Amino acid sequence: MKRLTALFTALLSGCADLCSNEPIDAMASPDNALEAVVFERHCGATTGYATQVSIIQTGDKLPNEAGNVLSVEGQPSLELEWITPKQLLISGLTTTKPVNLHNKVDDVTISVDR
């Protein structure tokens, strides 16, 4: 039974590594405390690319997980602009509907300019 549990655990942990993130662009907030990162996320041959945005602490590595701000299918050309250290503007979603969009992450308010 222990072997079966170990095999099952190994298989599940291997599945988690199918996704990868490829940074495209990053922009530091005006106070340099945070960074907004645009990246492509790909999770294997049976899925398409997704363009995503995450806000992370400046100097932190982009985690291998879905974006905490925005996720859209395909590869739209997104642009980021920090209005203030706590307000981020994302543009470039003119023809793409977000799959996931959060209006606030931690203390940062996110706006979308279509």
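As the structure is a prediction and not an experimental result, all values here were calculated from the model.
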(request) Sequence neighbours left out, what pairs pass disulfide bond (SG atoms under 2.5 Å apart) with at least one residue falling in residues 53-114? (result) none
(message) Taking side-chain contact (heavy atoms from CB on, under 4.5 Å) as the definition, give me every residue that meets it alongside Glu81, ordered by chain and number, with sequence neighbours left out.
(response) Ile83, Leu89
(request) Any disulfide bond (SG atoms under 2.5 Å apart) involving residues 74-114? Give me the pairs, sequence neighbours left out, ordered by first then second residue. (result) none
(message) So, taking the atom named CG in Asp113 and the one named CD1 in Ile90, what distance separates them when rounded to the nearest 0.5 Å?
(response) 11.0 Å
(request) Quick one: list whatever passes side-chain contact (heavy atoms from CB on, under 4.5 Å) with Pro85, sequence neighbours left out. (result) Pro30, Asp31
(request) Could you state whether Val38 and Leu62 fall into the same hydrophobic cluster, counting links through intermediate Ile, Leu, Val, Met, Phe, Trp or Tyr residues with side-chain heavy atoms under 4.5 angstrom apart? (result) no
(request) Would you give the length of the straight line joining atom OG1 of Thr51 to atom CG of Asp25, rounded to the nearest 0.5 angstrom? (result) 12.0 Å
(message) Between Val37 and Leu34, is there shared hydrophobic-cluster membership here, with clusters defined by ILVMFWY side-chain heavy atoms closer than 4.5 Å?
(response) no
(message) His42: which residues meet the ring pair (Phe, Tyr, Trp, His ring centres under 6.0 Å) condition with it, sequence neighbours left out?
(response) Tyr49
(message) Can you confirm whether Leu70 sits close enough to Ile110 that some side-chain heavy atom of one is under 4.5 Å from a side-chain heavy atom of the other?
(response) no
(message) Has Ser71 got a side-chain atom pairing as donor or acceptor with Asn100's backbone, closer than 3.5 angstrom?
(response) no
(message) How close do Glu35 and Ala26 get, counting heavy atoms only, and between which atoms?
(response) OE2-CB, 3.7 Å
(request) Scan for side chain to side chain donor-acceptor pair (under 3.5 Å) pairs involving residues 82-93, sequence neighbours excluded, and state none if there are none. (result) none
(request) Determine whether Leu80 and Ile24 fall in the same hydrophobic cluster, where Ile, Leu, Val, Met, Phe, Trp and Tyr are linked whenever their side-chain heavy atoms lie under 4.5 Å apart. (result) yes
(message) Can you give me the closest heavy-atom contact between Ser29 and Ala33, atom names plus distance?
(response) OG-N, 3.3 Å
(request) Using the disulfide bond (SG atoms under 2.5 Å apart) rule, collect all pairs that involve residues 75-114, keeping only residues at least two apart or in two chains. (result) none
(request) Any pair with a residue in residues 42-114 that passes disulfide bond (SG atoms under 2.5 Å apart), sequence neighbours left out, goes on the list, sorted by first then second residue, please. (result) Cys19-Cys43
(request) Answer whether the closest heavy-atom distance between the side chains of Ile56 and Pro63 falls below 4.5 Å. (result) yes
(message) So, using side-chain hydrogen bond (donor to acceptor under 3.5 Å, both in side chains) as the criterion, who are the partners of Asp60 when residues are at least two apart?
(response) none
Just distance, no hydrogens or angles: give the donor-acceptor pairs under 3.5 Å from side chains in residues 101-108, sequence neighbours left out.
none

(request) Go through the structure and list residues passing side-chain hydrogen bond (donor to acceptor under 3.5 Å, both in side chains) with Gln75, not counting sequence neighbours. (result) Glu40
(message) For a quick test of reading the model, state the closest non-hydrogen atom pair linking Phe39 to Ser54 and the distance between them.
(response) CE2-OG, 3.6 Å
(message) Checking Ala66 now: which residues fulfil side-chain contact (heavy atoms from CB on, under 4.5 Å) with it, not counting sequence neighbours?
(response) Arg41, Gln52
